[in-house]
Amino acid sequence: MADFSLSIRVWYRQNGRNLPWRNTNNPYFIWLSEVILQQTRVDQGLNYYTKFITNYPTVSDLANATEEQILNDWQGLGYYSRARNLHGTAQHIHQTLKGKFPDNFQDLIKLKGIGPYSAAAISSFAFDEKKAVVDGNVYRVLSRVFNIETPVDSTIGKKEFQDLANELISAEHPAEHNQAIMELGALICTPKAPVCEKCPLNHLCESVRLKNQSERPVKQKTTKTRNRYFHYLVYTWKDQLILKQRTENDIWKNMYEFPLIESSSEETPHELLGADQISRLYKHVLSHQKLFVRFYSFHHQPVDIKEDWKVLSRKDLNDVPVPRLIDRYLEEMI
DNA sequence: ATCCAGGTCG
DNA sequence: CGACCTGGAT
């Protein structure tokens, strides 16, 4: 199957996008880009990548920042554990590893926030190690070209696809091969309406022959979601308002929100009936939860300000990391 | 309004 | 193996 790698690499040289993280060998920059891109589209990730290499040009800069600063710059990207792990790993590299960035797959995968995909990506892109990446794009390309029905979200499937990817990767050009297969998945072998006419693999693709592209890849899990009912207390007076940090192992850990009453129904809790204003119902969907949210404004100071409440003025809002839901409400409120 | 994509961790 | 977030497509 030397044909596979050569075909996609030739195609990639002609058709690959020119993205900023492809013009560097700096492992720190590549690490940043891979973590940002882990669950994010390129279009959205671009601005964050620029922001991060500007604000934190070296791993030491990242290590010396506060988690709050990093979460704040990460705000809006979602999956905030990525930002917390990024910070923790930067500190680990800066302090324990004395600033020496791990330079091989085995050491990279030990780091918090770096799994098999990212370790393969960084080790191949920055150090030319022959490690095959397997991400969502690769699952799609391989399941179609080889007509594989094993569910990609099963333990057995993960191994099967990783093994196949390992067999296909070019020994001489592992980095280019990895870029090429992912780019093919992103631009040609797309989830819906793949552009098979332009695909360099169409002559050997089993899904093209069988016309079953829409049935690949196979996934088994259907995610269950639960409903939650949030009632936010929005105290505003003069230029001040109150936020509180989420510290539990729950959604949005270490991000800020208004003081919260959570209940088991959409019904307004009685202690909030005296609010000066009640917002519309916001529906906010997460991967495993659907939030039904109302904001209850009080145009005065709270009677007692709890220990863990943070009083701040509106101009300081930019420095506090908040989830998209809170950000959206603030935009509408102001 | 509903559906879907996407790596890592505990 | 279930949980984590958001935005884009339909």
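Every chain is numbered from 1, with letters handed out A, B, ... down the list of sequences.
Residue contacts shown for A:Asp43 are absent, as no nucleic acid heavy atom lies under 4.0 Å away. When heavy atoms are screened at a 4.0 angstrom cut-off, A:Ile109 is found touching no nucleic acid atom at all. Among the heavy atoms of the strands, none lies under 4.0 Å from A:Lys253. As judged by a 4.0 angstrom heavy-atom cut-off over every strand, A:Asp327 is placed among residues making no nucleic acid contact. At a threshold of 4.0 angstrom between heavy atoms, the contacts of A:Ser118 are confined to the sugar-phosphate backbone, with no base atom among them. A:Arg82 comes within 4.0 angstrom of nothing in the nucleic acid, heavy atoms only.
OP1 or OP2 of C:dG7 has at least one side-chain nitrogen or oxygen of A:Arg324 nearer than 4.0 Å. Phosphate proximity of C:dT6 to A:Trp252: present, with a side-chain N or O under 4.0 Å from OP1 or OP2. Using a 4.0 Å cut-off, no side-chain N or O of A:Lys219 falls inside it from OP1 or OP2 of B:dC4. Residue A:Tyr80 places at least one side-chain N or O closer than 4.0 Å to OP1 or OP2 of C:dT6. Under 4.0 angstrom from either OP1 or OP2 of C:dG7 there lies at least one side-chain N or O belonging to A:Arg328. Note on A:Arg140: a side-chain N or O is less than 4.0 Å away from OP1 or OP2 of B:dG6. Checking the phosphate oxygens (OP1, OP2) of C:dT6, a side-chain nitrogen or oxygen of A:His284 falls inside 4.0 Å. A close approach under 4.0 Å does occur between a side-chain nitrogen or oxygen of A:Gln289 and OP1 or OP2 of C:dC4.
Across C:dG2, C:dC5, B:dT8, the shortest atom-to-atom separation from the side chain of A:Arg84 is found for C:dC5. You'll find that the side chain of A:Gln38 is closest to B:dT8, out of C:dT6, B:dT8, C:dC4. Checked against B:dA1, B:dA5, C:dC1, the side chain of A:Lys283 finds its nearest nucleotide in B:dA1. With B:dT2, C:dT10, B:dG7 as the candidates, the nucleotide lying closest to the side chain of A:Lys290 is B:dT2. Of the candidates C:dT10, C:dC4, C:dC1, the closest approach to any side-chain atom of A:Lys192 belongs to C:dT10. Counting only heavy atoms from C-beta on, A:Tyr79 has its side chain closest to B:dG7 among C:dA3, B:dC9, B:dG7. Here C:dC5 is the nucleotide among B:dG7, B:dT8, C:dC5 with the atom lying nearest to any side-chain atom of A:Ser287.
The NZ atom of A:Lys221 sits 13 Å away from the C1' atom of B:dT8 (whole-angstrom rounding). Residue A:Asp250 contributes atom CG, which lies 6 Å from atom P of C:dC4 at whole-angstrom precision. Atom CG in A:Asn249 sits roughly 20 Å away from atom P in B:dT8 (whole-Å rounding). Regarding A:Asp153, its CG atom lies at a distance of 10 Å from the P atom of C:dC1, rounded to whole Å. The distance from atom CE of A:Met182 to atom C1' of B:dG7 is 12 Å, rounded to the nearest whole Å. In this structure, NE2 of A:His288 is placed 16 Å from P of B:dG10, rounded to the nearest angstrom. One can place CD1 of A:Ile251 at 18 Å from P of B:dG10, the figure rounded to the nearest angstrom. Atom P of nucleotide B:dG7 and atom CG of A:Asn178 are separated by 13 Å, given to the nearest angstrom.
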* A:Trp21 and A:Tyr49: ring-ring contact (aromatic ring centres under 6.0 Å, His included), yes or no, with the steps? -> CA-CA 9 Å; A:Trp21 47 84; A:Tyr49 176 75; 5.2 Å; yes
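Each of A:Ser154 and A:Met255 has a nearest nucleotide on DNA chain C; the 5'-most of these lies closest to A:Ser154. Both A:Thr40 and A:Lys112 lie near DNA chain B, and the one whose nearest nucleotide falls closer to the 5' end is A:Thr40.
A:Arg82 and A:Gln38 share no donor-acceptor pair across their side chains, judged by distance under 3.5 Å alone. Between the side chains of A:Arg144 and A:Gln213, no donor N or O sits under 3.5 Å from an acceptor N or O. One side chain, A:His231 or A:Ser263, offers a donor N or O that lies under 3.5 Å from an acceptor on the other.
No path of Ile, Leu, Val, Met, Phe, Trp and Tyr side chains, each step under 4.5 Å between heavy atoms, connects A:Phe146 with A:Leu210, placing them in separate hydrophobic clusters.
For A:Arg280, the salt bridge (charged side-chain N to carboxylate O under 4.0 Å, His left out) test picks out A:Glu332, with sequence neighbours left out.
Checked options A:Lys290, A:Arg228, A:Arg294; the residue passing with A:Glu266 is A:Arg294 (criterion: salt bridge (charged side-chain N to carboxylate O under 4.0 Å, His left out)).
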